[in-house]
Every structure is written in structure tokens, then in C-alpha cells.
Amino acid sequence: MLIAKFSLFPFGDEGTGIIWNTLVFVAFLAFLFLFNQKIQLWTFQRNVERALRKLEVLANNSRENVIQAVKALTGSDIREEINRAINNFLEFFSIEPVDKDPYGVLRRLEHILDIRRDRFKDFISRIVPKASKIECENLEGVLEAAIAVNFIYKIIRHFLILGKKTKSLFILMQLDMQMPLIMRIAEAYYGALQTFSQGKPIGDGLGPLVAAKLMVNAPVKRSVAEDVVAAEVNIENRRVIVLKAEGPGGTVGKPGEAVKRIIEENGGHVSRIIMIDAAAKLEGEKTGELAEGVGAAIGDPGPEKFKIEEMATRYGIPIDAIIVKMGLDEALTVMRREIAEAADAVIDRILKAIRERTREGDTVIVAGIGNTIGIAQ
Amino acid sequence: MSDAGKRRYLFVLSMILIVISFGLLIASNIFIASPSLSTMLMTLSLMLLITAWWLYFLEKRAVMRAMKEQPETAVSVIRCKSCDYREERGFQKGDYIFRVVGVCPKCGGEEYIAYIYGVPGKQTLSS
């Protein structure tokens, strides 16, 4: 009776009932003991499959968005061959240079990046020959984001199939545990795709926005490097050379090359470089929060940062960095209000830095780093 | 109720139903002497378990739906170069910061787009 009262199934409280309850209990334990790993494997697999379905939707929508963006620029239905060319281009890749012999690796990386950019520009000019420079640059951003989403989808699909084929708990568990972070990245790129297709400024454009605010009233703006403009302004009797990527098309330009040329033009007589950029915030930090430090605030793959550091070291020029914190999704999607409003606070910090750390008559470089989509000058 | 609140509510409700269902299963054993009551409790327990599973499924579907919704509205802030005139309107294709958009209705000065920023829409899973 006592056992029956605490048993799980109503098989009765006499001989057979007790045996049945015990059997069920033992079978249940044996099931858990023998199949627990299988159950775990199945759970991880299901979670990844569900995430992959979402990624597939994002990848398909991305492809569709690229086609819609091209259609909007051509003003008519696109031909089958262009459709096929877009699908093929979504598989575009670039191979990083060998770094076993690190000598000249950044020069080689820059070369690869230049070729990559040229291929993008060439492809876009072929599919939308009548589009303006700004539209082409924005479409370049759309393509970049679509390639990123497509790549994430394919990588996750690859590891899921590999995990299923090898029945590897290790692969599936790792995938499942990393899925929330991977989904955040994929969503951020998907958001970027929509923002780029409409030409809206993104969070990463904070640097160019600050630079644009400083140079907007300058009488002369000149091109100093590929897709980079500079203007001279007088701030408290200092000669301040402000530079940013040339907007409002979606481009980052070559700010490293621009800084290098400006320093060379001035024979190395630059007393300070102030760099402004968006930076990834840590969880718990507020979006739009400012922080100051030293060093080249630029998130490029390496060549541009190297040029700035190299020139600053050669001529002994101090580099100040002012960063505005934001999440990856906020950096890639339409600029949030708190980021836009942080631009004025950054300008106050720049003015303070110029006042306190330079003397009258000095030459200072202020570089607004980031993608200038939706921001003119 | 917000989407996140609704999802939490569905999840908690499904957990409560699972606990009740388990309790009914135990109770069906305690009242073993009355077979009809015992069977009824066990059936009820099973039904609650299915309901709990269904609610859990609904919660998961709500998560998936929330993921598809992206904040996408943007606002263009227009200012006058000569006076303190300020106006906000929805983003229009072709807008960019520092684009001259017209003449100030207050002083006749040049109007330009000073800011463009996003207005958060529905919460996404990652936010």
C-alpha cells in the first residue's frame, strides 16, 4: 500500500502492481542511462535546425533584397543573367595573404583588399551601369551584408550536416551554445542590408558625422586619398585638418593613406592626431557613452591602422582616440538617437583636447573614422 | 502586455501546468482504491501535460515571430542655418545629413537635415 501510494503509475498496490511499478521505474532509469546522450544530441540538433531555418529565411530575404535594390536602380525587371550573376556573386570570397612569413603581410593584405574593392565596383557598374556613385556605394554595402548573411548560413549548415553525419555531440553542442551570438551577428548584418539599401546613416557613421560637423562650413574641401576628403578649419588659432570618408555614399575610404599623405605634406610637423570612431560596447555599458584613450581608433583589417601608427611613430606624433560605444547591431543599422546626439559631446571633447594638448599655431589632424553612408560634408 | 511579457507568461503557465499534471498523476495513485476517480485524474493529468506542451510551443513560436520584427522607422531632423527652427519628419528616400531641403518658414534661411536617426520599433530577440 505504502509503495503504491508513492509509485508513479496506478498499477495497484498488490504483488503484480508492485512488480509493474518497479519494472517501469527500472525501464525508465535504463532508458535515461542508455539514451541520455542521444537525447542531448537530438535536443542540440533540433535547436540548431530551428536556428538554421531562421538563417535560411534571412539569407533568402537578403538575396531578394539585393535583387530588389538592383531593380530599383535599373527601373525595370532584371534579366535572368543578372539574376544569376547576383546569385554567383553572393559566393564571392577573398583569401587572406600567407602570414607564416609575416614580412610585408600588411602590404599584401592591402593589395588583396584593393582587388576585392575593385571587383565589387566592377560588378556593380556592370549590373547597374546608369547608377550614380552614391547609389553604387550603397549597393556595395547591400552586397557586402548579403554576402555576410549568406556565408553565416552556409557555415552553420555545414557544421550541422557534419555534426549529423558524424553524430558528434561535440560539434552540435558547440553550435547550439554559440547560436545566440551567431544569430545576433546575422541579424545585425541583415539589418545593415535594409539600412544600406535605403541610404540611411548607420551607427558606425558617428566618426564621419563628427568630422562633417567640424568641416561643414570650411570653404575648401579636397580629396586627399581614395574616397577621403579633408578640410582645414581654424580652431582657437590652431590649424586643424579634418578628414572623413567622402559621403553621402556608403564608403569608409582609406583614412590611413589620407593621414599619411597629410603628415608628409606637412613634413611631419603635425603636433597631434585625434581619431574618432565607434567602438563595440561591453554588455552593461550604455549606447552613446564616450571614452577617451590613446592609439589609432580604427577597426580596419590592418593596413590603414598600420599606416597611421607607422607615421605617428616615425614623427613622434601623439595619437588621441575618442570612441563612442555601441553594440554590433547598433553600429550596422540605422543610427540611434543617442549616438547621433553623442556627436556634439565628442566635438566638445575634441575642442578641449585641442585647447589643453596643443599650442596656438600647431597643426592638428582630426580623423572621423567609419562608414559615411547618409552623411555628406 | 509586451511581447517579451507575453512570452514569459506563456512559459510560466506551461511550467505550472506541468507541475499540476505531475501532482494529478501522483493523486491518481493515492486514490487507486477508486478506479474511476484514478482514471479520471490520470486522464486529466495527461490533458494538462498536452496543454502545457502546446503552450510551450506557442511561446517558441512567439520568439520566432519576435525575431522577424525589426525596428526600421527613421526620422530626419531638419534645422535652419540661420535661426533655431527645427522640424522632424519621417525619413524619405534620398535624405542624407547636411542635405539642403528647402527654405525656413520662420526666417527664410536655408533648411538642412541635421540628423537622421532610427526610432526603435518592436523589440528583437537580440535587443
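All values derive from a computational prediction rather than experimental measurement. Every chain is numbered from 1 and lettered A, B, ... according to where its sequence line falls, protein lines coming before strand lines.
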For this session: Specify whether Y117(B) and Y115(B) have parallel, tilted or perpendicular ring planes, treating 30° as the upper limit for parallel and 60° as the lower limit for perpendicular.
Result: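 Aromatic pair Y117(B)/Y115(B) classed tilted.
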For this session: Can you label the angle between the F11(B) ring and the Y56(B) ring as parallel, tilted or perpendicular, going by 30° and 60°?
Result: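 The rings of F11(B) and Y56(B) sit tilted, inter-plane angle from 30° to 60°.
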Problem set entry | Best-contacting candidate, A212(A), G199(A), A343(A), against chain B by heavy atom pairs under 4.5 angstrom |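 The candidate making the most pairs under 4.5 Å is A212(A).
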Problem set entry | Contact leader toward chain B among E330(A), E135(A), K213(A), E341(A), where contacts are heavy-atom pairs under 4.5 Å |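 That would be K213(A).
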Problem set entry | Between CG on residue N65(A) and CG on residue L58(A), distance to nearest 0.5 Å |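 N65(A) CG to L58(A) CG: 10.5 Å, rounded to 0.5 Å.
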Problem set entry | Under 4.5 Å from any heavy atom of chain B - which part of T287(A) |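 Neither part, no heavy atoms under 4.5 Å.
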Problem set entry | Residues, nucleotides or ligands: over 12 heavy atoms within 6.0 Å of N217(A) CG |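 Counting other residues, nucleotides and ligands, CG of N217(A) stays at 12 neighbours or fewer.
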